[in-house]
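We're numbering straight along the sequence, starting at 1. As the structure is a prediction and not an experimental result, all values here were calculated from the model.
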Amino acid sequence: MDPHKNWRKLGSQVTMIRQIFADDLVFFKNIRLEALRSEPDAFCATLKDWQDLSDQQWLQYIERSTMLIAFEQGNPVGMMALFRETDTKRRHRASIKMVYLNKSQRGNGTASAMLNCLIDLARQQGVTHLDLKVNAANTSAVRFYQREKFEQVDYIAASMISNGEVIDDMLMSRHI
């Protein structure tokens with residue numbers, strides 16, 4: 001699979017999923033800010049944390065990760081990033097972070113396609129285990145990860161506090 005061009009036809013729409021690089025900064029900014037605006041409780045960071053970052057700070061996230069963006073008609077509609085562990089004894093592990101899919105794209109296979117692309121890229125990097133954290137109250141996301149063979153390995157009470165509400169996370173893991 002070529003991570004730069006993985007086209008999937010979904011109904012009458014064509015969705016492209018590809019890895020992004022520094023010259024794709026505008027797409028990353030657009031989809032990340034949309035994610036933080038529309039799903040604020042899904043992320044530890046806030047819109048305010050990200051909206052004033054310099055381009056160099058944004059680029060550091062692209063450079064430190066393997067980041068995928070799903071596009072529909074040239075517009076970003078989803079993202080998913082892989083952050084590989086850097087310590088020698090942990091380089092077989094990576095974390096999936098910044099997962100977001102526009103509501104119009106949910107339930108049509110785009111999330112699974114993005115995850116499968118990310119898994120293929122992780123394997124190419126020598127990764128054998130993936131970890132992620134998900135809001136325990138986000139039952140649709142939890143069910144998605146369970147369908148994709150992730151298992152709960154820990155529960156993190158009070159993982160974050162958003163607008164005075166305590167949010168618990170599940171730590172999930174999968175061997176690839």
Side-chain angles (χ1 to χ4, degrees), residues 15 17 19-20 24-73 75-86 90 93-115 117-119 122 129-174:
T15 299
I17 299 166
Q19 185 175 356
I20 64 160
D24 298 306
L25 179 60
V26 67
F27 298 120
F28 175 40
K29 282 183 168 184
N30 288 344
I31 196 65
R32 180 64 173 160
L33 294 176
E34 175 186 321
L36 293 168
R37 234 184 329 275
S38 64
E39 303 286 344
D41 290 338
F43 304 99
C44 294
T46 66
L47 181 62
K48 184 174 177 5
D49 294 336
W50 280 74
Q51 62 189 3
D52 294 328
L53 293 180
S54 69
D55 283 354
Q56 187 58 39
Q57 290 170 304
W58 281 90
L59 287 169
Q60 288 174 357
Y61 283 94
I62 294 173
E63 293 164 0
R64 289 192 335 232
S65 68
T66 301
M67 191 170 301
L68 298 179
I69 291 186
F71 294 87
E72 182 182 310
Q73 299 174 343
N75 297 311
V77 294
M79 67 177 296
M80 192 176 288
L82 181 77
F83 288 83
R84 187 171 181 196
E85 293 285 344
T86 56
R90 294 185 48 83
R93 299 191 79 89
S95 295
I96 296 175
K97 298 182 179 186
M98 295 190 210
V99 177
Y100 171 74
L101 192 58
N102 184 286
K103 288 181 182 177
S104 69
Q105 298 296 307
R106 296 177 191 173
N108 70 5
T110 302
S112 290
M114 288 178 66
L115 181 59
C117 289
L118 202 63
I119 288 170
H129 286 81
L130 296 175
D131 300 312
L132 60 88
K133 285 192 265 184
V134 60
N135 180 330
N138 187 343
T139 56
S140 60
V142 170
R143 282 194 308 268
F144 167 74
Y145 292 122
Q146 289 170 336
R147 280 192 310 273
E148 297 293 336
K149 302 177 186 161
F150 283 85
E151 296 179 358
Q152 180 180 342
V153 294
D154 203 355
Y155 191 87
I156 306 166
S159 179
M160 61 181 168
I161 298 174
S162 178
N163 296 318
E165 181 183 346
V166 175
I167 297 172
D168 299 339
D169 277 344
M170 290 174 59
L171 178 60
M172 302 182 85
S173 187
R174 175 183 169 183

> Should Val142 and Met170 be marked as a side chain to side chain contact (heavy atoms under 4.5 Å, CB included) after you check the CA-CA gap, both sets of side-chain angles, and the distance that decides it?
Replying inline: CA-CA 8 Å; Val142 170; Met170 290 174 59; 3.8 Å; yes
>> So Ile96 and Leu115, do their side chains get closer than 4.5 Å, heavy atoms only?
In response: yes
> Just by distance, with hydrogens left out, do Asp131 and Ser173 show a side-chain donor and acceptor under 3.5 Å apart?
Replying inline: yes
> Roughly how far, to the nearest 0.5 Å, is CG of Leu59 from CZ of Arg64?
Replying inline: 11.5 Å
>> Quick one, Met98 and Phe83 - any side-chain contact, counting heavy atoms below 4.5 Å?
In response: yes
> Do Trp50 and Tyr61 have their ring centres less than 6.0 Å from each other?
Replying inline: yes
>> Please evaluate residues Gln19 and Thr66 with respect to the criterion side chain to side chain contact (heavy atoms under 4.5 Å, CB included), reporting the C-alpha separation (whole Å), side-chain torsions for both, the decisive distance (0.1 Å), and the verdict.
In response: CA-CA 7 Å; Gln19 185 175 356; Thr66 301; 3.7 Å; yes
> Should Phe28 and Ile62 be marked as a side chain to side chain contact (heavy atoms under 4.5 Å, CB included) after you check the CA-CA gap, both sets of side-chain angles, and the distance that decides it?
Replying inline: CA-CA 8 Å; Phe28 175 40; Ile62 294 173; 3.7 Å; yes
>> To the closest 0.5 Å, what do you measure between CD (Gln146) and OG1 (Thr139)?
In response: 10.0 Å
> If only atom types and distance count, is the side chain of Arg106 paired as donor or acceptor with the main-chain N or O of Leu101 below 3.5 Å?
Replying inline: yes
> For Ser54, what residues pass the side chain to side chain donor-acceptor pair (under 3.5 Å) criterion, not counting sequence neighbours?
Replying inline: Gln57
> Sub-3.5 Å donor-acceptor pair from the side chain of Asp168 to the main-chain atoms of Ala158, do we have one?
Replying inline: yes
> Can a donor-acceptor pair be found between the side chains of Asp41 and Ser162 at a distance below 3.5 Å?
Replying inline: yes
>> A side-chain contact here means heavy atoms from C-beta on lying under 4.5 Å apart; do Thr15 and Gln105 qualify?
In response: yes
> Hey, what do you get for CG (Asn138) to CZ (Arg143), rounding to the nearest 0.5 Å?
Replying inline: 9.0 Å
> Do other residues, nucleotides or ligands put more than 12 heavy atoms under 6.0 Å from the CD atom of Gln152?
Replying inline: yes
> Is any side-chain heavy atom of Asn135 closer than 4.5 Å to a side-chain heavy atom of Asp169?
Replying inline: yes
> Of the options Met80, Met79, Lys97, which is the one that meets Met67 in a side chain to side chain contact (heavy atoms under 4.5 Å, CB included)?
Replying inline: Met79
> Any idea which heavy atoms bring Ser112 and Glu148 closest together, and the distance?
Replying inline: OG-OE2, 2.7 Å
> Looking only at heavy atoms, what is the nearest atom pair of Cys44 and Met160, with distance?
Replying inline: CA-SD, 3.6 Å
> Would you say the side-chain atoms of Glu34 and Tyr100 include a donor-acceptor pair closer than 3.5 Å?
Replying inline: yes
> Does any non-hydrogen side-chain atom of Ser159 lie less than 4.5 Å from one of Ile167?
Replying inline: no
>> Less than 4.0 angstrom from a charged side-chain N to a carboxylate O is my criterion; do Arg32 and Glu39 meet it?
In response: no
> Does any non-hydrogen side-chain atom of Leu36 lie less than 4.5 Å from one of Phe43?
Replying inline: yes
> Do Val99 and Leu132 come within less than 4.5 Å of each other through their side chains, counting heavy atoms only?
Replying inline: no
> Got a second to check how far Ile31's CD1 is from Asp24's CG, nearest 0.5 Å?
Replying inline: 13.0 Å
> Do Ile156 and Lys133 come close enough that some side-chain heavy atom pair is under 4.5 Å?
Replying inline: yes
> Between atom CG of Leu82 and atom CG of Leu118, what is the distance when rounded to the nearest 0.5 Å?
Replying inline: 4.5 Å
>> Could you report the tightest heavy-atom contact between Phe71 and Pro76, atom names first, then the distance?
In response: CD2-N, 3.8 Å
>> Rounded at 0.5 Å granularity, tell me how far CD in Gln51 sits from CZ in Arg37.
In response: 8.0 Å
> Just by modelled atom types, is the Thr110 backbone N or O under 3.5 Å from a matching donor or acceptor in the Asn108 side chain?
Replying inline: yes
> Does the gap between the ring centers of Phe144 and Phe150 come in under 6.0 Å?
Replying inline: no
